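A short worksheet on the structure shown next.
These numbers come from a predicted model, not from an experiment.
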Amino acid sequence: MSAHDRPSPRVRFAPSPTGFLHVGSARTFIFNWLYARRNHGAMILRLDDTDVERNTDASVQSIFEGLRWLGLAWDEEYKQSERLDLHRAAAQSIFEKGLAYRDFTPAHAAEGESSSAQGAASREGAWLFNPGMRDLPREESDRRAAAGESFALRYRVPRHQDRILQFNDAVYGLQSKPADDVEDFALLRSDGNPTYHLASCVDDADLRISHIIRGQDHLTNTFKHLLIFEGLNAPAPQFAHLPLLVAPDGAKLSKRKHGPVVSVTTYRDAGFLPQAFLNFLCLLGWSPKDDREFLTTDEITAVFTLDNINRSNAVINFSEQDPFDPKAVHLNGEHIRALPVDQLAAAIAPFLAQAGFHPTPEKLAAVTPLIRERIKLLGEAPAAADFFFLDELPAYDPAELIPQISKKESGDAALALRVLTKAREVLAHTPFDHDSLDAALRAAATDLGLKPGPMFQPIRVAVCGRKNAPPLFETMTVLGRDTCLHRIAQAEAKLTTL
């Protein structure tokens, strides 16, 4: 079959809404999405929400918020809890084929089995809690079920047949396991609800999922899933298990242990661009094989293959002092600098608003290119640009106004005062555009017998309230004549206190 004739793949992302959207789950969604888009297939979002006790509406909202922030759409959407009748019917079908049996062992007994039961289990192998249930005659099983006795439905895993379960994983290669090493796992709980194994496989078969791309921690479950697909008379999908994301100490990233650092919304709220976050996550376990790190979403989609996924777990480097991986922050800065000014301004605006700044669109458009090189996170924009929007600058040390004449020689307050007085006189009648300001202030420096550096430093501190600020003349142009003259006059007054 040629690639042209091959059916389009159908992949799924099936999160359990028991907490916020985990960065590992986000990467799984992204890899599924990339595979679907690269191969002109369908991306399905399915909430595996059958764990009623642990599911929360807040978790559902977190999943949707995180995925929408990534900006990657899905084609179909389902909720597992709305498909329970399908799951139970599938379980009954497997039972009627003789591939499952009722286990009437009380739940409390399973938690603390007797020594005799332990002995029986050990004689038969560790795969079964109560071997007697497997051999219970069908008539006896039907009688007890009809009498209302509760039971779990277990898959009757083939025994003593030298049966080998195997599949070819797209990442980890051929995987195999003797069926004798797989326990008789539950399909239905004693309350009649499906287990994860059953519900997931029934839905995958019903939705015609062709490729299951999920975390490596699910790899051992796949042997059970092969048996369920067999019981459903459904072809098993192609499996691809992804390397895990781990903390710097090698531990699996955990919501309980590592907290907000593994939540997608933490990155969003700190000011990561979604395309930069996607870029970073993709490089955790995948590479384009040409040593590129900065990649747009379109560029990643164009080259994404399962063959380029690594087998080794990927480390996210964070610490108590710095919750974000330095590579993630670096890539975000690169994406910020690559973003068109209008798009960056729109991305920055909400963070400015949170800080109480509401500039006009025109002023925001003028400020954005001046701070673009100075921020790596959108959340840094208010601190980098606050002096553009404040009526009065925060207090700063007047000593900052004193210029450095050379590496070995500093000026004094008198020199700084002469510079600012001269600057105020010149700026009162100089056109406020870059070239005019540049020429006028350089000429003023010559008049004072100074190099440009010692001339510009006191002015920069006076108008910005800090030494480290965007280019001076562009900054002064945005601030305007009145603001600059007002702030210089205030700085002159500060110098009189030294």
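If you take OH on Tyr267 and CZ on Phe280, they are separated by 5.5 Å, rounding to the nearest 0.5 Å. Distance check: Thr483 OG1 to Met476 CE gives 11.0 Å after rounding to the nearest 0.5 Å. Taking CG from Leu344 and CZ from Arg337, the interatomic distance works out to 11.0 Å, rounded to the nearest 0.5 Å. To the nearest 0.5 angstrom, Asn32 atom CG is 11.5 Å from Leu72 atom CG. Between the CZ atom in Phe473 and the CD1 atom in Ile459 there is a gap of 7.5 Å [rounded to 0.5 Å]. Taking CD1 of Ile316 as the start and CG of Leu253 as the end, the distance is 5.0 Å to the nearest 0.5 Å.
Checking Arg214 against Thr222 by side-chain atom types alone, a donor-acceptor pair falls below 3.5 Å. Using modelled atom types, one finds a donor on one side chain and an acceptor on the other under 3.5 Å when comparing Ser81 with Asp49. Gln80 and Asp48 are linked by a side-chain donor-acceptor pair at a separation below 3.5 angstrom, with hydrogens and angles left out of the test. Judged purely by distance below 3.5 Å, without hydrogens or angles, the side chains of Gln490 and Glu392 pair a donor atom with an acceptor atom. A donor-acceptor contact under 3.5 angstrom links the side chains of Gln404 and Ser410, judged on distance only. Residues Thr301 and Asp298 have side chains that never bring a donor and an acceptor to within less than 3.5 angstrom of each other.
Counting only distance, with no hydrogens or angles, the side chain of Arg10 and the backbone of Ile209 share no donor-acceptor pair below 3.5 Å. A donor-acceptor distance shorter than 3.5 angstrom exists from the side chain of Asp325 to the backbone of Asn317, with no hydrogens or angles considered. Checked by atom type and distance alone, the side chain of Trp33 pairs as donor or acceptor with a backbone atom of Ala73 at under 3.5 Å. Looking only at distances, a side-chain donor or acceptor of Thr368 sits under 3.5 Å from a matching main-chain atom of Leu364. Using a distance-only test at 3.5 Å, with no hydrogens or angles considered, a donor-acceptor pair links the side chain of Thr28 to the main chain of Gly24. At distances below 3.5 Å, not a single donor-acceptor pair connects side-chain atoms of Asp397 with backbone N or O atoms of Glu400. In this structure, the side chain of Arg372 does not engage the main chain of Ile336 through any donor-acceptor pair within 3.5 Å. Side-chain N or O atoms of Gln457 include none that pairs as donor or acceptor with a backbone N or O of Pro454 at under 3.5 Å. The backbone N or O of Ala186 sits less than 3.5 Å from a side-chain atom of Thr195, completing a donor-acceptor pair. At least one donor-acceptor pair under 3.5 Å links the side chain of Lys363 to the backbone N or O of Phe388.
Remark: aromatic rings of Phe13 and Trp74 are distant, center separation not under 6.0 Å. A ring-centre distance under 6.0 Å is found for His335 and Phe294. Ring centroids of Phe357 and Phe351 are separated by 6.0 Å or more, keeping the two rings apart.
Of the listed residues (Arg83, Lys79, Arg12, Arg208), just one forms a salt bridge (charged side-chain N to carboxylate O under 4.0 Å, His left out) with Asp203, and that residue is Arg83. Remark: of the listed residues Leu370, Leu437, Leu472, Leu437 is the sole one forming a side chain to side chain contact (heavy atoms under 4.5 Å, CB included) with Thr477.
Within 6.0 Å of CG on Asp391 lie no more than 12 heavy atoms contributed by other residues, nucleotides or ligands. Within 6.0 Å of atom CG in Asn468, 12 or fewer heavy atoms from other residues, nucleotides or ligands are found, so the atom counts as exposed in its surroundings.
Using cut-offs of 30° and 60° on the angle between ring planes, the pair Trp69 and Phe277 is tilted.
Across every non-hydrogen atom of Tyr35 and Pro9, the tightest pair is CE2-CB, 3.8 Å. Of all heavy-atom pairs spanning Pro431 and Ser436, the tightest one is O-CB, 3.3 Å. Taking each heavy atom of Ile30 and Cys282 in turn, the nearest pair found is CG2-SG, 3.6 Å.
A salt bridge links Arg268 with Glu65: the closest approach of a Lys/Arg side-chain nitrogen to an acidic carboxylate oxygen falls below 4.0 angstrom. A salt bridge links Lys224 to Glu183: one of the charged nitrogens lies within less than 4.0 Å of a carboxylate oxygen. By the 4.0 Å N-to-carboxylate-O rule, Arg37 lies close enough to Asp75 to be salt-bridged with it. Ion pairing between a basic and an acidic side chain is recognised when a charged N comes within 4.0 Å of a carboxylate O; Glu293 and Lys327 show such pairing. Ion pairing between Arg189 and Asp191 fails under the 4.0 Å rule for side-chain N and carboxylate O.
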(request) Give the C-alpha distance, both sets of side-chain angles, the deciding distance and a yes or no for side-chain contact (heavy atoms from CB on, under 4.5 Å) between Ile44 and Val11. (result) CA-CA 6 Å; Ile44 290 104; Val11 301; over 6 Å; no
(message) Before you tell me yes or no, could you show the steps for Phe20 and Val262 under side-chain contact (heavy atoms from CB on, under 4.5 Å), namely the whole-Å CA-CA distance, both residues' side-chain angles and the distance that decides it to 0.1 Å?
(response) CA-CA 9 Å; Phe20 48 69; Val262 302; 3.8 Å; yes
(request) Please assess Arg424 against Leu485 for the test side-chain contact (heavy atoms from CB on, under 4.5 Å), listing each intermediate value before the final yes or no. (result) CA-CA 6 Å; Arg424 184 163 49 81; Leu485 292 178; 3.9 Å; yes
(request) Kindly indicate, with the supporting measurements, whether the criterion side-chain contact (heavy atoms from CB on, under 4.5 Å) is fulfilled by Arg481 and Leu427. (result) CA-CA 7 Å; Arg481 186 193 312 275; Leu427 295 175; 5.5 Å; no
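Judged by the 6.0 Å and 45° rule, Lys494 forms a cation-pi pair with Tyr396. Relative to the ring axis of Phe387, Arg466 does not place its NZ or CZ within 45° and under 6.0 Å from the centre.
By the 4.5 Å heavy-atom criterion applied to side chains, Leu47 and Tyr78 are not counted as neighbours.
Evaluation of the ring-ring contact (aromatic ring centres under 6.0 Å, His included) rule for His218 yields Tyr196 as partners, not counting sequence neighbours. With sequence neighbours excluded, the residues that form a salt bridge (charged side-chain N to carboxylate O under 4.0 Å, His left out) with Asp249 are Lys257.
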